[in-house]
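Worksheet for the structure shown next.
Chain letters run A, B, ... following the sequence lines, proteins first and then strands; every chain starts at 1. The basis for the numbers below is simple: all heavy atoms, side chains too, and nothing from hydrogens, waters or symmetry mates. Values in this document were obtained by computation on a predicted structure and should not be read as measured data.
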Amino acid sequence: MTTRYNIKESEAKWRKAWVDQKCFEVKENADKEAYYVLAMLPYPSGRIHVGHVRNYSLSDVIARYRKAQGYNVLNPMGWDAFGLPAENAALERGAHPADWTYKNAAEMKEQLMSMGFAFDWSREIATCHPGYYKHEQKMFLDFLKNDLAYKKESTVNWDPVDNCVLANEQVVDGKGWRSGAPVEKRKLNQWFLKITDFAEDLLSGIKSLEGWPEKVRIMQENWIGKSQGLQFKWQVKGSDTEIDVYTTRPDTFFGASFIALAPDHPIAQKLASNKDGFDAFVKKANQMGTSEVDIEKAEKLGFDTGYKATHPLLPNKELPIYVANFILMDYGTGAIYGVPAHDQRDYDFAVKYNLPIQQVVETGEEIPSSSDGTIINSDFLNGLSVKDAKAEMIKRVEALGTGFGVTKYRLRDWGVSRQRYWGCPVPIIYCDDCGTVPVPENQLPVELPLDVTFDKPGNPLDHHPTWKQTTCPSCGKAATRETDTFDTFFESSWYQFRYCDPRNEKIGFEKAKSDYWAPIDQYIGGVEHAVLHLLYARFFTRALNKCGYTDIKEPFTALYTQGMVNHATYKDEAGNWLYPKDVMQSHNGAWVKVSDQSPVTQGRVIKMSKSKRNTIDPQDILDTYGSDAARLFILSDSPPDRDLEWTEAGLEGAWRYINRLYRMVVEANINISDHVSADPEDIKSIDKEMRSLTHQTIKAVGDDIEKFHMNKAVARIREFSNKIEEELDDLTPWVLSEAVERLIQLLAPFTPHLAEELWHSIGHLTLLADQPWPKYEETLFETGEVTIAVQVNGKMRATITYPKDADKATIEKIALSAENVIRFTEGQQIRKVIVIPDRIVNVVVG
RNA sequence: GCGGGUGUGGCGGAAUCGGUAGACGCGCCGGAUUCAAAAUCCGGUGUCGCAAGACGUGUCGGUUCGAGUCCGACCAUCCGUACCA
């Protein structure tokens with residue numbers, strides 16, 4: 001008779017037990033060390049996808065492992081509930097964003113719960129709930145008071161047909177995604193947070209983030225982009241105008257051949273607004289998205305103002321002043337000088353407009369080259385290195401009094417205004433007499449009205465009949481509300497603190513509680529958040545610091561970035577994308593449609609996306625294979641930081657393994673009562689080997705989990721269980737039962753339901769989820785012998801085995817007498833023998 | 001364009017430090033069991049070769065007794081690029 005594991009019944013039983021016994025609900029407890037593991041909160045898009053399963057399987061392993069180690073583990077979950085997709089759903093199918101969002105969240109919660117993740121659901125949050133965003137409105141007011149928020153003009157993508165602002169992703173090939181109209185740039189007055197106040201602190205703080213991947217630290221460093229440069233004035237010939245120019249390459253000063261201004265630079269307007277063709281040029285420059293990619297990849301165009309600037313150090317040299325579409329008012333001073341010989345972009349520009357190209361750095365490469373070298377053709381800088389020339393140039397210009405050395409950052413202030421409905425209202429009132437007035441704290445939250453319509457383009461808040469009409473808190477006269485809402489990165493910048501005190505109605509979070517849990521010991525999420533979200537959250541924490549909310553400076557002590565989940569794509573004969581569940585392999589291996597057996601072509605393996613229909617619904621997996629199989633597969637094959645290819649075959653493999661383990665343990669009839677006969681002195685050599693493996697595996701799996709090598713941990717566990725299975729009949733019962741009990745404990749973070757089932761099947765009465773992590777004894781690792789390879793001229797020729805602690809001479813002797821080594825050294829002179837004990841022997845002959 | 005990552009059998013991957021390349025798994029091949037199949041179990045499986053052996057970690061070059069690992073150049077691909085989240 002075959003023993004069968006009833007996955008559905010068993011998994012449901014243990015999930016219920018964990019919930020009933022509130023296994024994963026936690027409170028502050030001064031006697032226990034806190035461990036805060038956090039997976040990035042999901043956007044409630046509808047149903048969970050495999051990427052979520054991957055993310056939360058990882059946090060679950062960590063949560064269960066740390067709990068077993070004795071920590072008080074906080075592992076919360078919630079919803080990043082504001083954002084564009086809800087408004088798109090409203091436009092496309094008339095669903096109200098609030099209904100749509102809450103319904104999605106409820107559905108996803110049910111799915112996540114059926115995965116058995118060890119979340120503390122009592123702390124669930126939804127960022128679109130007034131009880132949540134009320135506090136961030138208060139934070140914004142505190143930022144205002146502390147001079148961390150201000151208003152200024154900035155550029156947005158404008159759709160002239162739909163009369164609305166477009167997100168960068170809504171601009172497709174320079175056109176609005178819905179209207180198809182060419183996008184225009186438009187200036188709006190918007191709210192900004194002063195992240196640049198913390199540029200230096202955010203930069204230097206990166207050094208302390210030792211638990212972060214190096215790649216993310218480098219990306220943030222580059223994003224902040226600290227540069228030392230020179231800012232100085234150029235005189236416009238025949239005018240009293242001076243142009244402020246910033247450069248990071250003052251060493252190439254003598255190679256300058258033109259000046260370029262941003263199209264919206266005030267001086268550009270002043271010099272060129274009456275010139276023929278300028279308006280057309282500016283118009284064309286404005287017909288480009290605001291994204292950096294668009295700007296950088298667009299054809300570089302210039303408009304010659306006809307004016308010249310006098311070179312400050314070469315009175316006879318005059319440089320033409322251009323207006324150029326690739327110069328941004330937001331960067332530096334909105335004006336540059338071009339050095340074609342040492343910058344690709346300047347070079348292209350100079351060639352196009354026939355401007356002089358003067359090499360001033362001998363780099364040993366063809367121009368244009370921005371490499372290091374020695375300065376030439378540059379008067380007093382000649383012979384200097386690039387570094388020294390920069391310093392010398394700054395010194396000279398400072399002496400002249402026309403400029404100064406200055407540190408600048410690429411980082412720009414964070415624009416938080418969005419002209420959208422489904423976001424947190426900015427708590428500001430505009431009064432004709434009093435100007436910009438913050439909403440008084442006792443009037444918070446400024447709630448989003450739910451009775452809005454989406455029949456007109458633009459922001460529903462703006463055309464709501466009454467919502468924006470209010471009275472001025474300061475003078476009492478009629479006034480209007482700010483109709484912009486916050487960027488959704490606002491919500492995700494502080495939620496890690498809210499989880500510490502999620503139901504507090506008075507304040508965002510109590511300091512004592514956040515001090516107990518925060519900062520986050522392990523944060524886990526996609527690498528696509530490497531810069532923006534993570535940098536904003538780091539800034540926000542500093543801003544909260546300044547406003548007295550917390551003393552914590554860095555919110556995330558350790559970070560792990562997981563890879564994407566990919567899947568093969570399928571197309572039918574007509575070229576339509578097909579879902580994986582609608583295709584199958586026929587007996588000859590060819591892919592066909594399930595419905596009518598018509599041929600299907602398999603395409604590339606790419607990121608799961610609805611448009612390519614290469615998605616897997618985790619619900620189908622749960623229904624067929626259960627939660628453990630899904631988790632085990634997703635954790636076992638690929639290292640978590642790399643992309644994962646989801647395959648049905650891999651999933652089935654995991655499922656088979658689960659059944660096999662169940663059979664092995666149940667059929668072997670193992671019971672913990674066997675432990676009573678334990679006598680370590682009186683055991684066979686196979687028992688010693690098994691104990692050695694058992695204890696080595698405990699160590700290895702723990703080490704692997706801590707390094708996020710989940711795939712290796714699973715491989716270790718499989719090797720371990722393979723060995724147990726192999727020796728099942730030959731092991732002394734207590735050694736076998738020790739091995740099996742440890743195996744079950746090691747499985748717990750990966751396949752918690754199965755582990756719980758087996759734990760009880762061997763005689764335990766309490767939940768495995770509450771048990772401590774097993775200990776190992778290093779003294780049991782020893783086997784007494786060492787096997788290493790012997791090379792001849794670097795090629796592997798033999799392996800030798802010798803007693804541990806043999807000396808070099810002995811090892812050399814054994815190596816040289818190995819049969820195959822003799823064969824390859826015979827008749828040749830042995831020039832050298834390299835012996836690295838316990839690692840390798842290399843015999844060099846010839 | 002710029003910044004960052006990745007590249008190893010048919011496939012996912014392993015290889016603490018520069019020291020036996022391919023652990024573990026998927027797939028495939030052969031066998032057992034079965035009336036048959038599924039499931040399960042046993043054996044094999046980098047390529048070429050009867051074998052000895054030769055070759056082999058994206059490409060090209062370098063350092064070393066020894067390179068998947070270090071250095072240089074390149075190619076491919078993915079992520080981000082400030083209003084997707």
Name the nucleic acid region contacted by [X], choosing base, sugar-phosphate or nothing; use a 4.0 angstrom heavy-atom cut-off, strictly under.
| X | value |
| --- | --- |
| A/R718 | sugar-phosphate |
| A/F489 | base |
| A/I788 | nothing |
| A/A649 | sugar-phosphate |
| A/I836 | base |
| A/R217 | nothing |
| A/D80 | sugar-phosphate |
| A/S636 | nothing |
| A/R345 | nothing |
| A/F633 | nothing |
| A/R831 | nothing |
| A/Q170 | nothing |

Nucleotide nearest [X] (side chain, heavy atoms from C-beta), chosen from [options]:
| X | options | value |
| --- | --- | --- |
| A/L84 | B/C84, B/A14, B/G53 | B/C84 |
| A/V293 | B/C65, B/C41, B/G1 | B/G1 |
| A/E528 | B/C84, B/C78, B/G80 | B/G80 |
| A/L532 | B/A85, B/U16, B/G13 | B/A85 |
| A/E645 | B/C65, B/G12, B/C83 | B/G12 |
| A/K215 | B/C41, B/G5, B/A82 | B/G5 |
| A/S291 | B/G12, B/A82, B/A23 | B/A82 |
| A/I218 | B/C83, B/G5, B/A82 | B/G5 |
| A/M219 | B/A23, B/G4, B/A82 | B/G4 |
| A/R797 | B/G53, B/C83, B/A14 | B/G53 |

Charged N to carboxylate O under 4.0 angstrom, [X] versus [Y]?
| X | Y | result |
| --- | --- | --- |
| A/K151 | A/E482 | yes |
| A/R345 | A/E296 | yes |
| A/E214 | A/R217 | yes |

Worksheet entry | salt bridge (charged side-chain N to carboxylate O under 4.0 Å, His left out) between A/E299 and A/K352, worked out | CA-CA 11 Å; A/E299 191 190 358; A/K352 184 164 188 166; 2.4 Å; yes
Worksheet item: Which way is the base of B/C55 turned, syn or anti, if we draw the line at 90° from 0?
Response: anti
Discussion item. Could you check B/G30 for me: syn (within 90° of 0) or anti?
Written reply: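 Anti.
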In whole Å, measure the gap between the [atom1] atoms of [N] and [M] for me.
| N | M | atom1 | result |
| --- | --- | --- | --- |
| B/C17 | B/C11 | P | 27 Å |
| B/A82 | B/A73 | P | 29 Å |
| B/G56 | B/A15 | C1' | 16 Å |

Worksheet item: After noting the C-alpha distance and the side-chain angles of A/R418 and A/D487, does the key distance pass the salt bridge (charged side-chain N to carboxylate O under 4.0 Å, His left out) rule?
Response: CA-CA 6 Å; A/R418 295 292 180 272; A/D487 176 8; 3.1 Å; yes
[N] [atom2] sits how many Å from [X] [atom1], rounded?
| X | N | atom1 | atom2 | answer |
| --- | --- | --- | --- | --- |
| A/F192 | B/A82 | CZ | C1' | 10 Å |
| A/D641 | B/C79 | CG | P | 16 Å |
| A/Q791 | B/G19 | CD | C1' | 6 Å |
| A/M664 | B/C41 | CE | P | 12 Å |
| A/K795 | B/A67 | NZ | C1' | 13 Å |
| A/R839 | B/U20 | CZ | C1' | 12 Å |
| A/R656 | B/A39 | CZ | P | 7 Å |
| A/H709 | B/A14 | NE2 | P | 8 Å |

Worksheet item: Quick one: stems for RNA chain B, with Watson-Crick or G-U pairs under 3.5 Å, at least three in a row?
Response: B:1-7 with B:75-81, B:10-12 with B:24-26, B:27-32 with B:40-45, B:46-48 with B:53-55, B:58-62 with B:70-74
Practice prompt. For A/W212, enumerate each residue passing the ring pair (Phe, Tyr, Trp, His ring centres under 6.0 Å) test, keeping only those at least two apart in sequence or located in another chain.
Written response: none
Worksheet item: Under 30°, 30 to 60°, or over 60°: which ring-plane class applies to A/H533 and A/Y495, parallel, tilted or perpendicular?
Response: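 Taking A/Y495 first and then A/H533, their aromatic rings sit tilted (interplane angle of 30° to 60°).
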Item to complete: Check the angle between the aromatic planes of A/Y536 and A/F489 and answer parallel, tilted or perpendicular using the 30° and 60° thresholds.
Response: tilted
Worksheet item: Where each residue is assigned the nucleotide of RNA chain B containing its nearest heavy atom, which of A/D643 and A/P85 is assigned the position nearer the 5′ end?
Response: A/D643
Discussion item. B/U64, OP1 or OP2 - any side-chain N/O from A/N842 closer than 4.0 Å?
Written reply: no
Fill in: Near-ring test A/F490/A/Y133, centroid separation under 6.0 angstrom
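No, too far apart.
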Worksheet item: Do the side-chain N and O atoms of A/D484 and A/Q419 include a donor-acceptor pair separated by under 3.5 angstrom?
Response: yes
